[in-house]
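Remember, it's a predicted structure, so these values are computed and weren't measured experimentally. For the single chain, residues carry numbers from 1 onward in sequence order.
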Amino acid sequence: MADINQVVLVGRVVRDAELRYANSGTPILTFSLAINRRRRQGDQWTDEANFFDVEYIRSGAEKVHQYVTKGKQLGVQGELRQDRWEKEGQTRTKVKVHAVNLQLLGGSGGGAGSGPGAPEQGRPDFSGSGYGGETGPQPADNDTFDDDVPF
């Protein structure tokens, strides 16, 4: 049986995304998403915020950087990756979301007219453009992968 590592998140950007470059010149976009979870406490429902660090390492990172700003609603599809390092003799780990696809979903904040499907002036459409915002059914043909396949 094969292992599965797949995550899909929809949330709001906590702070403006940071763009940096690896030694190879590959752009790396990093940001955090806040995702609310509803919990019942007694007779009341409350929202509990969860925060997830996201890395988007693709050529499209430079193009979407200006749109990944605090409060924007994003859809992220990717996988979980665990970073490991040693600090002061202690082994440390951190789990991040390694994004494969990003989708801009709505405006900032919760005001009228923002949210999934609401028109946003100046909002780019990255679907089908190779920037990771693909929507709709994906081809079943295994020859269409643009990532390196380990076999």
Side-chain angles (χ1 to χ4, degrees), residues 2-136 138 146-148 150:
D3 295 336
I4 298 173
N5 181 1
Q6 194 77 105
V7 62
V8 176
L9 302 170
V10 174
R12 296 212 178 259
V13 178
V14 174
R15 62 187 164 281
D16 292 354
E18 295 177 18
L19 181 64
R20 59 186 171 85
Y21 295 88
N23 292 337
S24 64
T26 303
I28 302 170
L29 188 68
T30 57
F31 58 94
S32 293
L33 275 186
I35 299 171
N36 289 326
R37 188 185 102 176
R38 294 201 55 111
R39 293 182 24 166
R40 189 176 194 139
Q41 287 185 320
D43 293 340
Q44 300 291 324
W45 286 95
T46 60
D47 286 332
E48 178 182 284
N50 293 281
F51 300 93
F52 300 96
D53 291 333
V54 181
E55 268 187 344
Y56 185 61
I57 306 173
R58 293 215 157 183
S59 58
E62 293 172 311
K63 297 204 177 2
V64 299
H65 173 242
Q66 64 182 329
Y67 302 105
V68 182
T69 57
K70 182 177 180 177
K72 292 283 185 175
Q73 189 178 41
L74 285 183
V76 174
Q77 184 261 324
E79 64 184 27
L80 298 176
R81 291 200 180 162
Q82 186 176 29
D83 287 345
R84 295 177 184 91
W85 71 96
E86 198 167 304
K87 182 177 180 182
E88 299 174 3
Q90 296 281 338
T91 301
R92 311 263 181 175
T93 64
K94 182 175 187 169
V95 175
K96 294 181 187 175
V97 176
H98 177 78
V100 176
N101 293 316
L102 294 181
Q103 181 68 51
L104 300 171
L105 297 175
S108 60
S114 68
E120 181 182 341
Q121 191 162 11
R123 181 176 141 192
D125 179 12
F126 293 106
S127 60
S129 63
Y131 297 125
E134 291 84 5
T135 58
Q138 297 298 315
D146 61 344
D147 294 341
D148 292 334

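Between Tyr67 and Leu102 there is no side-chain heavy-atom pair separated by less than 4.5 Å. The side-chain heavy atoms of His98 and Ile57, taken from C-beta on, include a pair separated by under 4.5 Å. Looking at heavy atoms from C-beta onward, Leu74 lies in side-chain contact with Leu104 at the 4.5 angstrom threshold. Put simply, the side chain of Val97 does not reach to within 4.5 Å of the side chain of Asp53, judged on heavy atoms.
Annotation: the span from Glu62 atom CD to Thr26 atom OG1 amounts to 9.5 Å, rounded to 0.5 Å. In this structure, OG in Ser32 is found 12.0 Å from NZ in Lys70, a value given to the nearest 0.5 Å. A distance of 7.5 Å separates CD1 of Ile35 from CG of Asn50, quoted to the nearest 0.5 Å.
The number of heavy atoms from other shown groups lying within 6.0 Å of CD (Glu18) does not exceed 12. Residue Gln82 qualifies as enclosed at atom CD: its count of foreign heavy atoms under 6.0 Å is above 12.
Not a single donor-acceptor pair under 3.5 Å links the side chain of Asp16 to the backbone N or O of Thr69. No donor-acceptor pair under 3.5 Å is formed between the side chain of Arg84 and the backbone N or O of Thr93.
For Phe51 against Val14, the heavy-atom pair with the smallest separation is CD2-CG2, 3.7 Å. In terms of heavy-atom proximity, Ala17 sits nearest to His65 at O-NE2, 3.2 Å. Summarising the geometry of Leu29 relative to Ala61, their closest heavy-atom pair is CB-CB, 3.9 Å, with the distance given to 0.1 Å. Val54 approaches Ala99 most closely through the heavy-atom pair CG1-CB, 3.8 Å. Here the shortest heavy-atom pairing between Gln6 and Gly78 reads NE2-O, 2.9 Å. Across all non-hydrogen atoms, the minimal contact from Pro27 to Arg58 is CG-O, 3.3 Å.
A side-chain N or O of Gln77 and one of Asn101 form a donor-acceptor pair less than 3.5 Å apart.
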Practice problem: Determine, step by step, whether Glu79 and Val100 satisfy the side-chain contact (heavy atoms from CB on, under 4.5 Å) criterion, reporting the C-alpha distance in whole Å, the side-chain angles of both residues, the deciding distance to 0.1 Å, and the verdict. | Solution: CA-CA 8 Å; Glu79 64 184 27; Val100 176; 5.5 Å; no

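Under the side chain to side chain donor-acceptor pair (under 3.5 Å) criterion, Lys87 pairs with no residue, sequence neighbours left out.
Residue pairs meeting the salt bridge (charged side-chain N to carboxylate O under 4.0 Å, His left out) criterion with at least one partner in residues 22-39, sequence neighbours excluded, are Arg38-Asp47, Arg39-Glu48.
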